[in-house]
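Start at 1 with the first residue, then count along the sequence.
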Amino acid sequence: MSLSSYRMQRIYLAAIMNYGLGSDDPKEVAYFNKIRKEMEDMKNEPIKKGITLNYSFPEEMEK
């Protein structure tokens, strides 16, 4: 049996708020760990701010 959407939402909230899971169900623990790993990966990625400009013009525009 897969997790219900209600239970998945509860696990997600527990993960993002740094609460403990309080369950020994392997499916719930796996989902909890997946969410926590995704959060850690997002923290380690650099944040790109602003608009990157590309100054390479075609040769026709340079003339």
Side-chain angles (χ1 to χ4, degrees):
M1 182 173 95
S2 64
L3 296 173
S4 68
S5 60
Y6 174 79
R7 191 64 195 145
M8 289 174 72
Q9 180 184 13
R10 292 293 177 185
I11 295 169
Y12 178 79
L13 289 173
I16 65 170
M17 297 180 76
N18 289 328
Y19 291 161
L21 182 58
S23 174
D24 292 332
D25 183 20
K27 291 181 183 178
E28 292 181 3
V29 172
Y31 185 68
F32 181 81
N33 290 335
K34 176 185 165 194
I35 299 296
R36 294 297 300 257
K37 183 179 180 321
E38 289 176 1
M39 288 176 45
E40 287 298 320
D41 291 345
M42 287 191 317
K43 287 181 185 176
N44 294 335
E45 290 178 5
I47 297 173
K48 297 179 182 177
K49 296 182 181 179
I51 300 171
T52 58
L53 299 175
N54 187 358
Y55 289 110
S56 60
F57 296 110
E59 291 182 19
E60 294 85 31
M61 293 182 70
E62 292 178 0
K63 294 181 181 180

Any chance you could measure E28, atom CD, to I11, atom CD1, to the nearest 0.5 Å?
-> 4.0 Å
Closest heavy-atom pair and its distance - [X], [Y]:
| X | Y | answer |
| --- | --- | --- |
| F32 | Y19 | CZ-O, 3.5 Å |
| S23 | R7 | CB-NH2, 4.3 Å |
| A14 | G20 | CB-O, 4.1 Å |

Identify each donor-acceptor pair in which a side-chain atom of residues 34-42 lies under 3.5 Å from a protein atom, sequence neighbours left out, and give them as a table.
residue	atom	partner	partner atom	Å
R36	NH2	N18	OD1	3.3
K37	NZ	D41	OD2	3.2

State which residues pass side chain to side chain contact (heavy atoms under 4.5 Å, CB included) with S5; sequence neighbours excluded, sorted by chain then number.
-> none
Partners passing side chain to side chain contact (heavy atoms under 4.5 Å, CB included) against N33 (at least two apart in sequence or in another chain) | V29
Treating Ile, Leu, Val, Met, Phe, Trp and Tyr as nodes and any side-chain heavy-atom pair under 4.5 angstrom as an edge, say whether L13 and Y6 lie in one connected cluster.
-> no
